[in-house]
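Hydrogens, waters and symmetry mates are skipped; everything else that's a heavy atom, side chains included, is used. All chains are named by letter (A, B, ...) in the order of the sequence lines, taking the proteins before the strands, and each is independently numbered beginning at 1.
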There are 2 protein chains.
Amino acid sequence: MEKEGLRAIATQSALFSGLSDELAELLLSASTTRQLEKGVVLFHQSDAPERFLQVVSGLVRMTQISAEGTQTTLRIMRSGDLVGCVCVLQQFPYPATATVVEEAVVLSWRSAQFLDLVKRHQAIMENTLRIVGRYTKEMVERIGDASLKNVERRIAAALLRLAAQAGRQTEDGFELQFPITRDDLAEMAGLTYFTVSRTLSLWQKQGLVSSGRQRMTVFMPDQLAEIAYGRKQTAACLRGPNSGKSMQRPI
Amino acid sequence: MEKEGLRAIATQSALFSGLSDELAELLLSASTTRQLEKGVVLFHQSDAPERFLQVVSGLVRMTQISAEGTQTTLRIMRSGDLVGCVCVLQQFPYPATATVVEEAVVLSWRSAQFLDLVKRHQAIMENTLRIVGRYTKEMVERIGDASLKNVERRIAAALLRLAAQAGRQTEDGFELQFPITRDDLAEMAGLTYFTVSRTLSLWQKQGLVSSGRQRMTVFMPDQLAEIAYGRKQTAACLRGPNSGKSMQRPI
DNA sequence: CGTCACCTTGATGGATATCAAAAACCGTGG
DNA sequence: CCACGGTTTTTGATATCCATCAAGGTGACG
């Protein structure tokens, strides 16, 4: 990617949002640009945070490995997303492994250098805080998804997340932009790939999705959302009538 | 609580950390103090964020309700914790309901007022960012816990979280400071209270814990941690030998 | 001392993991 | 172009674990 194109894309992102030209220039010039092919690992779970990255193009997958040895995809990062930001700010070990799943261009800052910039410039800190906040919100939503018991719901929720993070809208619906296996989905939903396969077969018959080898298109996202989050038989209202104090299981 | 005692406790927290005396005074004086009895709801899930709170004393429980209508306890907040901070900063609806589970004193800022303070004072923003970051980290860990399939692991993980957030160390181990039912634990672990009861009975026989009616003491936290996170039969190594690029399931 | 909420334990069923085997798909190299 | 091998996917049979249902016990509190 030529230098100007990169600059144009990078400076449109949330991290650069609202910065003065000089400040944006300063931030950009402190970074190095890297082009990374599919399969490259940016960092490993539990590594010390040395670098802070912004995805300019391509896709990066964040995966966590559990105590049981099973991998879980936390989310897919794409253009504009910050990778490893929380860890760099807090000097925590990375909680997940970052792998390129579609050839990517990233901006990269050394940990200490970025910390310095953040501390020195209020506007950068403000942007960082906003991004971290959004990330937190997504994690909280993901916890909600993980607590779903119904299998179809979990798969639907996982698919919708993926579509939002790495989907391309086509005439038919959302198409996932990178090769996704049944096993990947199973990981995200906390199931086996057998169960995922059976469920997808069912949905395919119903015309909800189309899926082949490492390929996935969601035809009817609305209906998927209905499956995932829709009130069905379990019509427990999200909010009781008691809006004031008390009740709500006063434990 | 008398005014001076409150001030002493509040200004020791992470939010006030490193602030100049004047700034701390400014921040403190912008807040109102509220004493809340058990059962009071600070805000409901999906409410617009009107207030931002710091717990000074007591305990507040954050619970989320899923699409299936099941409640999940996200975490217990105690002295020094910020409640609703992310939402206020981003103007997101609260993702969870906050309920007092042990008589609490909280500082409360109006949303707009706190936003103003944060924007105006770098030091406050820095503290906020740090706190939000820590919160994010906990949520990511929680996602890992939620992906555990083994029942004992999930219960152990939930108990350890609770002990860390609301446990008091006694001569015997960690004792939970507020009434906790089997059902509460079941929620946190994504199980039924029958299963929790059976598991706790087993652990009690083994001397790991002692639990009665709404009461819970962990005698051997190390062993619980071993159950939750210990490598057992599934000795899948956390990090493969390939530390450089490539591999790691190049999808 | 009765009532209510919480807890325990047993029996059963159902959903999903597991095991097994074959089919579809893709890249590769003859 | 076609045959081959490996990977992914599908489908079926079985086993297992946990939710569900049922019944009774226990402790707290009026």
**Message:** Would you say Ser13(A) and Gln54(A) are linked by a side-chain donor-acceptor pair, where the criterion is simply a distance under 3.5 Å?
**Reply:** yes
**Prompt:** Hey, which of these two, Thr192(A) or Arg182(B), hits DNA chain C nearer its 5' end, going by closest nucleotide?
**Reply:** Arg182(B)
**Message:** Looking at Ser197(A), I'd like to know whether one of its side-chain N or O atoms comes within less than 4.0 Å of OP1 or OP2 on dT8(D).
**Reply:** no
**Request:** Would you mind reading off the distance between Trp203(B) atom CH2 and dT8(C) atom C1', rounded to a whole angstrom?
**Result:** 17 Å
**Message:** Quiz question: by atom type and distance under 3.5 Å, do the side chains of Gln169(B) and Glu175(B) form a donor-acceptor pair?
**Reply:** no
**Request:** Using a 4.5 Å cut-off on heavy atoms from C-beta on, say whether the side chain of Tyr135(A) contacts that of Arg75(A).
**Result:** yes
**Prompt:** Which whole-number value in Å describes the distance from Leu148(B) CG to dC17(D) C1'?
**Reply:** 16 Å
Review item, nucleotides 24-27 of chain C N/O atoms under 3.5 Å of protein N/O:
{"unit_1": "dC25(C)", "atom_1": "O2", "unit_2": "Arg213(A)", "atom_2": "NH1", "d": "3.3"}

**Asked** Got Val218(A) and Trp203(A) here, is their nearest side-chain heavy-atom distance under 4.5 Å?
**Response** no
**Asked** Around Gln206(A), counting heavy atoms of other residues, nucleotides and ligands shown, do more than 12 lie under 6.0 Å from its CD?
**Response** yes
**Request:** Could you work out which one of dT10(D), dT8(D), dC7(C) sits closest to the side chain of Gln214(A)?
**Result:** dT8(D)
**Message:** Distance alone, cut at 3.5 Å: any donor-acceptor contact between the side chains of Ser108(B) and Arg51(B)?
**Reply:** yes
**Asked** At their closest point, which heavy atom of Leu160(A) faces which heavy atom of Pro221(A), and how far apart are they?
**Response** CD2-O, 4.1 Å
**Separation of atom CZ in Arg154(B) from atom P in dC18(D), rounded to whole Å** = 10 Å
**Item:** Distance-only donor-acceptor check, side chains Ser211(B) and Arg182(B), under 3.5 Å
**Value:** yes
**Asked** What is the distance from CG of Leu200(A) to C1' of dT11(D), rounded to the nearest Å?
**Response** 14 Å
**Separation of dT10(D) P from Asp183(A) CG (nearest whole Å)** = 13 Å
**Request:** May I have the distance from Tyr193(A) (atom OH) to dA20(C) (atom C1'), rounded to whole angstrom?
**Result:** 11 Å
**Message:** Just N and O in the side chain of Thr195(A): are any of them under 4.0 Å from OP1 or OP2 of dT16(C)?
**Reply:** no
**Item:** Rounded (10°) bend between the five-pair end axes of the helix from dC1(C)-dG30(D) to dG30(C)-dC1(D)
**Value:** 30°
**Asked** Within the structure shown, what part of the strands sits under 4.0 Å from Ser211(B) by heavy-atom distance: base, sugar-phosphate, or nothing?
**Response** nothing
When you compare the protein's N or O atoms with those of nucleotides 10-15 of chain C, which come within less than 3.5 Å of each other, and at what distance?
{"unit_1": "dG10(C)", "atom_1": "N7", "unit_2": "Arg198(B)", "atom_2": "NH1", "d": "3.0"}
{"unit_1": "dG10(C)", "atom_1": "O6", "unit_2": "Arg198(B)", "atom_2": "NH2", "d": "3.2"}
{"unit_1": "dA11(C)", "atom_1": "N6", "unit_2": "Arg198(B)", "atom_2": "NH2", "d": "3.4"}

**Request:** Find out whether Val106(A) and Leu36(A) are in side-chain contact, i.e. whether some heavy atom of one side chain is under 4.5 Å from a heavy atom of the other.
**Result:** yes
**Prompt:** So what does Leu191(A) hit on the nucleic acid, given a heavy-atom distance under 4.0 Å: a base, only sugar-phosphate, or nothing?
**Reply:** sugar-phosphate
**Fill in**
When rounded to whole Å, the CG to P distance for the pair Leu202(B) and dC7(C) reads 18 Å
**Euclidean distance, atom NZ of residue Lys149(A) to atom P of dA17(C) [Å, nearest integer]** = 11 Å
**Prompt:** Taking atom types as modelled, is there a side-chain donor on Ser57(B) or Arg78(B) under 3.5 Å from an acceptor on the other?
**Reply:** no
**Prompt:** Do Leu53(B) and Phe43(B) touch side chain to side chain, with heavy atoms closer than 4.5 Å?
**Reply:** yes
**Asked** Taking the side chain as C-beta and beyond, is there a heavy-atom pair between Lys149(A) and Thr70(B) under 4.5 Å?
**Response** no
